[in-house]
Structure formats: structure tokens, C-alpha cells
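Throughout, numbering of the chain's residues begins at 1 and tracks the sequence. Remember, predicted model here, so these are calculated numbers, not experimental data. As the structure lists them, so they are numbered: ligands from 1, and atoms in each ligand from 1.
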Amino acid sequence: MYIVLTHDVDSVKRPLRHVLARWRRFTIGDLIRHVLHIDNLYNNFEQLIAIEDSVGSRSTIFVPVQLFPIDEIKDKLKRMIKEGWEVQLHYVYEPVQPESLFKIQKRYLEEELDIKVQGVRVHNLIINENILKMFEKEGIIYDSTYRAETLGTFSPRYIKKIIELPVGVMDADLFGRLHMSEEKALRYIFRKIEEAKKNDEKTFVILFHQEALRMRGGRIYSILVKELYERGYELVRCIDIVNRVLKGEIEA
Ligand SMILES: [Zn+2]
């Protein structure tokens with residue numbers, strides 16, 4: 001069973017008052033560096049690179065163009081793409097004229113990063129058949145927005161012509177919704193992964209938000225990746241799975 005590492009980039013900075021109102025989420029050392037403008041606790045690309053580099057793996061990063069100016073991370077992303085990370089669209093859905101906004105977002109990301117958008121994850125995991133139909137019409141190959149629980153599988157599955165890579169676990173569900181401690185979350189994730197493996201699932205998609213990698217909760221990502229690597233799992237990007245599905249190596 002492959003472990004697919006993914007990140008959504010919902011923000012890359014926050015006003016100081018926002019950070020201070022949430023001071024309990026951070027370590028004191030990190031907070032001081034943030035307040036002194038030596039560091040920005042919501043920009044964790046260097047941490048992400050170091051964590052994944054340490055086990056020789058790469059991930060898929062879903063980047064929005066509507067939530068903050070792409071210029072703030074454009075150079076960093078281009079360098080990461082060169083070094084093997086996959087960057088795709090974090091589509092922000094709006095119910096009014098969704099098709100045109102999808103086209104606009106897709107094209108803008110493609111032009112800014114000089115990439116072809118073939119994969120999507122929708123912000124806030126908003127998804128339905130109509131949205132998928134729109135992706136299909138715009139030439140999208142894969143989506144990773146449905147939770148595994150919604151589809152009843154952790155493995156890739158064709159929904160019409162779109163390859164769906166269900167989300168196995170998301171940090172925001174564990175810490176935001178279920179209020180788990182870090183220890184509990186780690187146990188929960190490993191139990192879920194081992195269960196999926198026992199059930200012969202082909203993949204397990206992990207979603208941790210970029211901006212949370214130094215927050216209480218999100219910071220277990222480094223432990224998680226190291227432990228998965230030590231347990232012998234192959235850690236891959238969405239596109240690695242999609243290519244195997246297209247070649248018929250993984251059934252979907
Ligand atoms: Zn998002």
C-alpha cells in the first residue's frame with residue numbers, strides 16, 4: 001500500500017494579532033521569532049522540504065490563487081517543482097459562475113508556475129457530481145477532494161473519467177473537529193493506516209495543511225513521516241499513483 005503525502009496551502013501569513021490570539025498553538029521560541037519578524041510561523045515550506053527530504057520523499061502541494069497573492073510563494077514553488085514536488089490547484093469553489101472561476105484559477109496557476117494543471121483538490125473539501133463533471137470538461141485527470149468515508153474506499157477509483165484519490169486522513173478533522181491530542185492523533189492515524197493495509201487498499205492519502213506544520217497538532221507531521229518511512233511504507237505524490245493507474249499497474 002502506497003502512502004500519498006499531500007498539503008493544502010490555505011495561507012502563508014497572518015496578522016500578528018491573529019497569531020497572538022492563538023499563542024497557545026505554538027512553542028514560545030517560535031512565537032518570539034515570529035514577533036521579532038525573524039520568522040513567519042505560517043510559512044513552513046522549508047520545514048516541509050526538510051521533513052520530506054530527510055526520508056527522500058516528495059509530496060503533492062495544492063496551491064490556491066484566490067486565498068493570497070501567489071507572488072508570495074511563487075519562487076519557492078518553482079524551486080520545489082524543479083526538485084520533484086508536485087504542485088496542483090487548490091480550487092476555491094464559488095457557487096456563482098463556478099465554471100468561469102475554475103477556468104480563471106486553473107489558467108492563472110498554469111501561467112504563473114509554468115505547469116499543466118491536471119489535478120485538483122477543492123478548498124474546504126467541497127465536492128459533488130457537478131463539480132467533478134466540470135473538472136472533466138476542463139481536462140482534469142484527477143481529483144483528491146472526497147473523504148475515504150464518503151466513497152467507502154481508500155484506493156483510487158474512477159468517477160466517470162476522473163481518477164479520484166480519496167483523502168484517508170486530514171489534520172483539520174483530527175484537531176479542529178475531533179479535538180484530539182497529538183498522541184491520540186498519531187495512534188488514530190496509524191490504526192487507520194494499518195486497517196486500510198489489512199483490507200488490501202492500494203493507497204492511503206494523508207492531508208496536512210502547510211500553514212499548520214509548526215502548530216500544535218500539525219507539527220506531528222514530521223513524526224508521522226519518519227515513522228511511516230521506518231515501517232517501510234513507500235511515500236509518494238498523487239501523480240505517481242495516477243500514472244500507475246493510467247498504466248494499469250493499479251486497478252481503479
Ligand atoms: Zn483549503
Side-chain angles (χ1 to χ4, degrees), residues 4-15 18-19 22 25 40-45 47-48 52 59-74 76-77 80-81 85-96 98 101-110 112-113 115 117-128 130-132 134-135 138 140 142-151 162 164-178 180 185 189 205-221 224 237-239:
V4 186
L5 302 178
T6 72
H7 307 280
D8 295 353
V9 185
D10 288 3
S11 64
V12 289
K13 68 178 178 199
R14 294 283 189 178
H18 178 100
V19 179
R22 290 156 184 82
R25 290 184 182 177
N40 168 5
L41 295 179
Y42 284 75
N43 184 323
N44 297 309
F45 285 99
Q47 282 74 15
L48 192 160
E52 295 177 1
S59 59
T60 300
I61 302 169
F62 291 99
V63 175
V65 291
Q66 281 197 189
L67 300 180
F68 56 86
I70 183 85
D71 283 341
E72 294 187 8
I73 53 169
K74 193 169 143 178
K76 175 83 72 191
L77 290 173
M80 290 178 76
I81 292 168
W85 274 270
E86 182 192 17
V87 174
Q88 292 294 339
L89 179 64
H90 198 35
Y91 167 51
V92 177
Y93 173 80
E94 291 183 48
V96 177
L101 281 173
F102 180 70
K103 280 184 202 170
I104 289 168
Q105 292 178 41
K106 175 176 178 279
R107 179 134 189 229
Y108 189 55
L109 190 73
E110 289 182 333
E112 288 295 301
L113 297 180
I115 58 169
V117 169
Q118 36 192 10
V120 182
R121 177 177 288 135
V122 190
H123 184 50
N124 292 329
L125 304 189
I126 297 170
I127 189 76
N128 58 45
N130 288 336
I131 296 175
L132 274 188
M134 174 179 82
F135 290 166
E138 295 304 322
I140 295 302
Y142 78 86
D143 171 74
S144 180
T145 305
Y146 279 105
R147 286 186 181 83
E149 284 77 3
T150 309
L151 297 182
I162 298 279
E164 181 65 33
L165 306 177
V167 176
V169 77
M170 169 166 78
D171 56 352
D173 284 346
L174 309 189
F175 303 112
R177 294 194 168 85
L178 300 177
M180 287 185 186
I189 296 170
V205 177
I206 292 177
L207 160 53
F208 267 63
H209 284 76
Q210 181 284 141
E211 65 270 26
L213 291 183
R214 273 186 285 177
M215 267 180 219
R216 199 177 55 209
R219 65 189 174 200
I220 66 170
Y221 182 68
L224 182 61
R237 309 165 299 174
C238 292
I239 191 67

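Backbone or side-chain N, O or S atoms of His123 reach the Zn ion (ligand 1) at under 2.8 Å. Not a single N, O or S atom of Asp8, from either the backbone or the side chain, sits less than 2.8 Å from the Zn ion (ligand 1).
For Gln88 (side chain) and Val63 (main-chain N/O), no donor-acceptor pair under 3.5 Å exists by modelled atom type. At distances below 3.5 Å, at least one donor-acceptor pair connects side-chain atoms of Glu164 with backbone N or O atoms of Tyr146.
By the side-chain hydrogen bond (donor to acceptor under 3.5 Å, both in side chains) test, Gln118 pairs with no residue at all, sequence neighbours left out.
A donor atom on one side chain and an acceptor atom on the other are found under 3.5 Å apart for Glu52 and His7.
Between the NE2 atom of His90 and the OD1 atom of Asp10, the angle taken at the Zn ion (ligand 1) works out to 90° after rounding to 10°.
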